[in-house]
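Single-structure report; data block below.
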Protein chains: 2
Amino acid sequence: MSKTIKHQEKTDFLLDKGLELLWCKGYNGTSVNDIVKVADVPKGSFYFYFDSKEDFTVKALDRYFALKRAATAEVLEDRSVSPSQRLYNYYEKRVNIMKDQLNCTWGCMGANIGNEMSEHSEKIRVTIVNHEEKIRRQLVDVVIEAQMDEEIDHTVDPDNIVAFIEDAYKGMLISMKETQSAGPLDNFLFFLKTLILK
Amino acid sequence: MSKTIKHQEKTDFLLDKGLELLWCKGYNGTSVNDIVKVADVPKGSFYFYFDSKEDFTVKALDRYFALKRAATAEVLEDRSVSPSQRLYNYYEKRVNIMKDQLNCTWGCMGANIGNEMSEHSEKIRVTIVNHEEKIRRQLVDVVIEAQMDEEIDHTVDPDNIVAFIEDAYKGMLISMKETQSAGPLDNFLFFLKTLILK
DNA sequence: TGCAAAAATATGACCGGTCGTCTATAAAAA
DNA sequence: TTTTTATAGACGACCGGTCATATTTTTGCA
């Protein structure tokens with residue numbers, strides 16, 4: 001196997017392992033020692049594969065958003081379903097992942113790190129802003145479709161309503177973590193349906 | 001001056017100083033050394049007034065929510081204004097505080113620490129959950145009033161809609177921090193008015 | 001009121017441990 | 001042998017927390 005591929009594989013392995021720690025414990029709550037320990041890699045190796053903890057975090061975020069997109073893209077692109085229903089299915093899928101895989105405890109890594117680090121690391125902040133913008137653009141396309149089909153009020157600005165929904169989703173995840181329950185998840189889906197996608 | 005009062009005054013002084021650090025840099029981003037340094041107090045004194053960093057954080061949260069309530073209570077209780085308008089004024093006030101005093105950077109201390117620490121400190125989690133529930137109860141009363149005046153759809157559950165609004169507000173603050181702009185604040189107010197308080 | 005005993009508060013050196021990072025060197029590849 | 005890749009562990013700084021001791025304030029009694 002090529003050397004560069006091997007190098008990339010080990011890089012990704014470290015990212016996968018460390019990503020979970022950052023997601024769960026945050027930037028300042030996760031140490032480089034924690035990361036190399038769960039990956040069973042010598043401490044010195046970390047700085048062979050990454051410039052710094054900050055650099056690692058940026059790359060872990062890239063990986064997180066790539067995995068997130070891979071897990072939900074098809075729901076949004078399923079043309080056999082109406083645009084409005086596609087939007088609902090998309091959030092329902094994200095909600096179910098929170099319930100099933102994450103036990104209502106981890107929330108969204110992007111929002112977690114963004115909330116913790118935006119003021120303190122410009123590189124991390126910009127990384128998250130860019131990824132979230134990409135997600136919103138996808139959603140805006142579907143909203144515009146839904147408006148053409150008159151499933152969503154066509155007087156409302158697509159960018160703004162998507163930003164509002166995403167913000168409501170983000171905040172709901174905080175309440176989910178605080179209450180350690182699925183209540184906020186269901187409440188979000190209910191008002192998404194009755195208030196916006198009606 | 002009574003001994004206990006003096007003791008309380010110094011305690012509050014430390015809380016006021018440390019509260020800002022926790023608010024801005026988070027729990028794991030703030031060290032006990034940071035706190036005693038900004039308060040210009042010897043390290044040893046910290047552990048005379050507080051059991052631990054966690055204990056300090058719980059008391060700082062108590063103080064944060066007390067100050068927050070003091071700053072916004074009158075808007076909510078102003079009977080010369082319609083219930084629906086009172087709700088809007090309440091959030092507008094909170095939004096303006098974010099813009100003017102906090103430069104769109106700090107967000108809500110409760111949400112910040114709640115998001116960071118809920119899974120890792122039960123004491124902190126419970127403290128935040130209780131304070132937020134108290135805030136929501138206040139809001140629910142006004143929503144019920146608004147429903148009786150038919151300013152808000154009376155078929156919607158007051159507890160649930162308040163939870164949804166508060167969640168949207170929380171999440172919007174994350175976006176505000178990430179984008180370092182007031183855009184999300186205005187967007188939130190717009191949809192609060194057009195979607196819920198119409 | 002004067003004053004010593006006692007209680008409350010102040011102080012910073014110090015503890016073991018961990019932090020993020022770097023450098024000297026070993027192992028592997030060329 | 002030279003160059004590249006990878007590792008081990010040392011580095012100084014800092015972490016949350018403790019401690020013996022110094023200082024101040026309050027108290028009880030003469």
Side-chain angles (χ1 to χ4, degrees), chain A residues 1-22 24-61 113 116-117 119-124 127, chain B residues 1-22 24-61 113 116-117 119-124 127:
Chain A
M1 183 183 298
S2 141
K3 198 177 350 178
T4 57
I5 287 186
K6 213 164 173 179
H7 185 278
Q8 188 59 47
E9 274 187 356
K10 193 145 188 180
T11 301
D12 288 345
F13 178 73
L14 269 163
L15 285 172
D16 278 333
K17 294 292 185 177
L19 186 154
E20 300 204 352
L21 287 175
L22 287 174
C24 162
K25 308 207 295 168
Y27 183 88
N28 287 308
T30 303
S31 72
V32 174
N33 276 319
D34 291 338
I35 297 169
V36 299
K37 210 180 292 171
V38 295
D40 197 28
V41 155
K43 178 119 176 231
S45 295
F46 183 89
Y47 286 91
F48 175 70
Y49 292 102
F50 305 96
D51 294 340
S52 65
K53 186 181 171 185
E54 187 189 37
D55 174 55
F56 179 88
T57 304
V58 166
K59 285 169 176 155
L61 283 164
I113 304 288
E116 181 186 3
M117 295 302 295
E119 203 188 342
H120 312 291
S121 165
E122 186 65 7
K123 281 181 192 168
I124 290 174
T127 300
Chain B
M1 183 181 296
S2 140
K3 197 182 350 176
T4 57
I5 285 184
K6 214 162 173 180
H7 186 279
Q8 189 59 48
E9 272 187 358
K10 190 140 190 182
T11 301
D12 287 344
F13 176 74
L14 271 162
L15 285 172
D16 279 332
K17 295 291 186 175
L19 186 154
E20 299 204 351
L21 286 175
L22 287 174
C24 161
K25 308 206 297 169
Y27 183 87
N28 288 308
T30 302
S31 73
V32 174
N33 277 319
D34 291 338
I35 297 169
V36 298
K37 210 180 292 171
V38 295
D40 197 28
V41 155
K43 176 97 169 264
S45 293
F46 182 90
Y47 288 92
F48 176 72
Y49 290 100
F50 304 97
D51 294 341
S52 64
K53 186 181 170 184
E54 186 190 37
D55 174 53
F56 179 88
T57 303
V58 166
K59 284 168 177 156
L61 284 163
I113 304 288
E116 180 185 4
M117 295 302 296
E119 203 188 342
H120 311 290
S121 164
E122 186 65 8
K123 282 180 191 168
I124 290 174
T127 300

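Just so you know, these numbers come straight off a predicted model, no measurement behind them. Here is the naming used below: chain letters follow the sequence lines, and residue numbers restart at 1 for every chain.
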Would you indicate, yes or no, if C:dG20 has its OP1 or OP2 atom less than 4.0 angstrom from a side-chain nitrogen or oxygen of A:Asn33?
no

For A:Ser31 and C:dT18, is the shortest distance between a side-chain N/O and OP1 or OP2 below 4.0 Å?
no

Could you tell me the separation between the NZ atom of B:Lys37 and the C1' atom of C:dG12, rounded to a whole number of Å?
14 Å

Between P on C:dC19 and CZ on A:Phe56, what's the gap in Å once rounded to a whole number?
14 Å

Flag this pair as yes if the NZ/CZ of B:Lys10 is under 6.0 angstrom from the six-membered ring centre of B:Tyr49 and inside a 45 degree cone about the axis; otherwise no.
no

How is B:Ser45 classified with respect to the nucleic acid when contacts are heavy atoms under 4.0 Å: base, sugar-phosphate, or nothing?
base

Set out, in order, the CA-CA distance, both residues' side-chain angles and the distance that settles side chain to side chain contact (heavy atoms under 4.5 Å, CB included) for A:Phe56 and A:Asp51, then state yes or no.
CA-CA 7 Å; A:Phe56 179 88; A:Asp51 294 340; over 6 Å; no

Taking it one step at a time, do A:Lys25 and B:Asn28 satisfy side chain to side chain contact (heavy atoms under 4.5 Å, CB included)?
CA-CA 10 Å; A:Lys25 308 207 295 168; B:Asn28 288 308; over 6 Å; no

Rounded to whole Å, CG of A:Asp55 lies from P of C:dG20 at a distance of 14 Å

If you assign B:Gly44 and A:Ser52 each to the DNA chain C nucleotide with the nearest heavy atom, which residue ends up on the more 5' nucleotide?
B:Gly44

Can you sort out the partners of B:Ser52 under side-chain contact (heavy atoms from CB on, under 4.5 Å), two or more places apart, ordered by chain and number?
B:Glu54, B:Asp55

Not counting sequence neighbours, which residues clear side-chain contact (heavy atoms from CB on, under 4.5 Å) with B:Glu122? List them please.
A:Gln180, B:Arg125, B:Val126

Nucleotide C:dT18, atom C1' - distance to NZ of B:Lys53 in whole Å
13 Å

So, does the side chain of A:Lys43 form a donor-acceptor pair with the base of C:dT21 at under 3.5 Å?
yes

Given atom CZ of A:Phe48 and atom P of C:dA24, what is their separation to the nearest angstrom?
17 Å

Atom CD1 of B:Ile35 and atom C1' of D:dC15 are separated, to the nearest Å, by 12 Å

So, is B:Tyr49 close to the C:dA10 phosphate, meaning a side-chain N or O under 4.0 Å from OP1 or OP2?
yes

Rounded to whole angstrom units, what separation is found between the OH atom of B:Tyr47 and the P atom of D:dC15?
11 Å

How close or far is atom P of D:dT5 from atom CD of A:Gln8, stated in whole angstroms?
14 Å

Does a side-chain N or O of B:Lys10 approach OP1 or OP2 of C:dA10 to a distance below 4.0 Å, or not?
yes

